[in-house]
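Everything below concerns the one structure shown next.
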Number of protein chains: 2
Amino acid sequence: MDLVVRAARRLFVERGYYGVTIPQIVKASGVSVGAIYLHFSNKENLASTIYQRTLDEFTAKFTKCLMGVESTRDKLRAFSELVFEITEEDPDMMEYMLTARPGSSPDCPMPLCSTAPFREVQRIVAAGIAAGEIKPGNYLIAAISYTGVIVRAVELRLQGVIQQPLPEVADDLIENAWAAIRAASQS
Amino acid sequence: MDLVVRAARRLFVERGYYGVTIPQIVKASGVSVGAIYLHFSNKENLASTIYQRTLDEFTAKFTKCLMGVESTRDKLRAFSELVFEITEEDPDMMEYMLTARPGSSPDCPMPLCSTAPFREVQRIVAAGIAAGEIKPGNYLIAAISYTGVIVRAVELRLQGVIQQPLPEVADDLIENAWAAIRAASQS
DNA sequence: GTCTATAGCCCGATAGAC
DNA sequence: GTCTATCGGGCTATAGAC
C-alpha cells in the first residue's frame, strides 16, 4: 500500500485533493479500487495517512540531522542542508510539505511548515539570540528571516526557476540566510 | 460580476479550484447560477478571469510604488512595503498570489510569484550587484534571499503565526532581508 | 485477497418561465 | 436580464464474482 500512498501524494501535490479522483489513483498506482478501499476506509483517510506519514518521516530525518551539532549556526546549517537534500531526492515529499495547509484537504490540521520541526527551528533561533550568536530582537521574526531564504529557494527549485541542484548553491544561500540574522560580532 | 470574482477567489484560496462548486459560489456571492453563466462561459473561464485580474491589479500597484524611487535598497523596500500592505488590506489577493500555480486550476500558466513583477525584482537586484550596492554573485540567488524573507513573513502572517500586522514589523524584516544580500561596504 | 461492475449522489451546464 | 428546475456525466464507495 506504500505504492498507493506515494502515487496519491504525487497526484495531490499536482492537482490538489479535490482535483484527484480515485480512478486516477488506480491508474497511477496500478492498484485496483477494491484494494485501495480495503486498506483505507475512504479517500479522506488516505489523505490523512499521507499527511501523517510525511510529517513523521520529516521529523525523524530532522531529529537525526541535529544529533551532535552544537552551535546555533551549525544547527541551522544542518536544517538547511537537510531540506535541500530532500528537495533533490524526494521532491514530491518536499512539495507536499510546502503545499499542505488547512483547506487543501479535509482534516489537514495545520501547514506542515508550522509543525514540530519548524517550531524547533524557532526554538534554536531563540536560544541563539540568548547566546549572543544572533542579533537581539523578536525571535519569530529572526526565524522567519532565516527559513524564508531557505524555503523560498526550495519553492523556486521545485518550480524549475533555479536550474542547478540546491546543494550546489547551498553555501551561498546559507551564508545569506545567516547574514540576515547574525549578531554584529559574528562573522 | 465583480462580486462573483471576489467571492470565488476567496473560496478558491480556501479550498482550491476543484474543491469549490458552483452552488457554493452562488451562496457566497448571492448571484444565481444563470447570471454567473451569462458572464462567464464556464467555471474554467471564471478561474482564468480571477488569475488575470489579480495579476493585473498587482502589476499596476507594483509599477506605481516604484515611481520616483532611485536606489536599489529603496526599490526593494518599496516592493516589500507594498506586499505587506496588500497582505493586511486584501489578504485574499495576497493568498491567491502565493497559492496559484500550474495544476491548482486548469489553464494556470505559471505561479503568480514567477510573473513580471517578481522577475522585475530580479532585474533590480541584478542592477544592484552591478552598482556595487549588493554583494557580487548569482543575481537569482540574491533575489531569492531577499524576497524569501518577505514572502515567508507574508505566508506566516496569513496563517496567523505572526500576530502583529506586518507594517509593525516591516522595518525589522526589511533590515534582515537587506542584510542578507548587501555589499560589505553598505550599511 | 483482489478485481470488476454498479448503485447512488452531486456537480457543471442549460433551457425555458417570468 | 435574472432565476429555478433539470439533464447528462462522472464521482465515491460497495457488493459480489473469482
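Given the structure is predicted, the values throughout are model-derived calculations rather than measurements. Convention: sequence-line order gives letters A, B, ...; per-chain numbering from 1.
- Ring to ring, B/Tyr17 and B/Tyr51 are not that close: their centroids are 6.0 angstrom or more apart.
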Step by step, would you call B/Lys135 with A/Asp172 a salt bridge (charged side-chain N to carboxylate O under 4.0 Å, His left out)? CA-CA 11 Å; B/Lys135 68 179 165 191; A/Asp172 285 343; over 6 Å; no

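- Counting only heavy atoms from C-beta on, B/Ser32 has its side chain closest to D/dC3 among D/dC3, C/dC11, D/dA13.
- The CG-P distance, from B/Leu38 to D/dT4, rounds to 15 Å in whole Å.
- Rounded to an integer number of Å, the gap from CD1 of A/Ile36 to P of C/dT2 is 12 Å.
- For the residue pair B/Thr54 / B/Arg9, a side-chain donor-acceptor distance below 3.5 Å is found, with atom types taken as modelled.
- Among the protein residues, A/Thr21 comes within range of the sugar-phosphate backbone only, with heavy atoms under 4.0 Å from sugar or phosphate atoms but none that close to a base.
- Regarding A/Asn42, its CG atom lies at a distance of 13 Å from the C1' atom of D/dT14, rounded to whole Å.
- Among the atoms of the strands shown, base atoms are found under 4.0 Å from some heavy atom of B/Val33.
- For the pair A/Tyr18 OH and D/dG10 P, the interatomic distance rounds to 22 Å; values are reported in whole Å.
- At a threshold of 4.0 angstrom between heavy atoms, the contacts of A/Val20 are confined to the sugar-phosphate backbone, with no base atom among them.
- A donor-acceptor pair under 3.5 Å links the side-chain atoms of B/Ser48 to the main chain of B/Glu44, judged by distance alone.
- Rounded to whole Å, atom C1' of C/dT2 lies 16 Å from atom OH of A/Tyr37.
- At whole-Å resolution of the value, CD1 in B/Ile22 and P in D/dT4 are 16 Å apart.
- Across the interface with DNA chain D, nearest-nucleotide mapping of A/Gly34 and A/Tyr17 shows A/Tyr17 to be the residue nearer the 5′ end.
- If you take CG of A/Leu3 and P of C/dT2, they are 13 Å apart, rounded to a whole angstrom.
- Distance A/Leu46 CG to D/dT12 P: 11 Å, rounded to the nearest Å.
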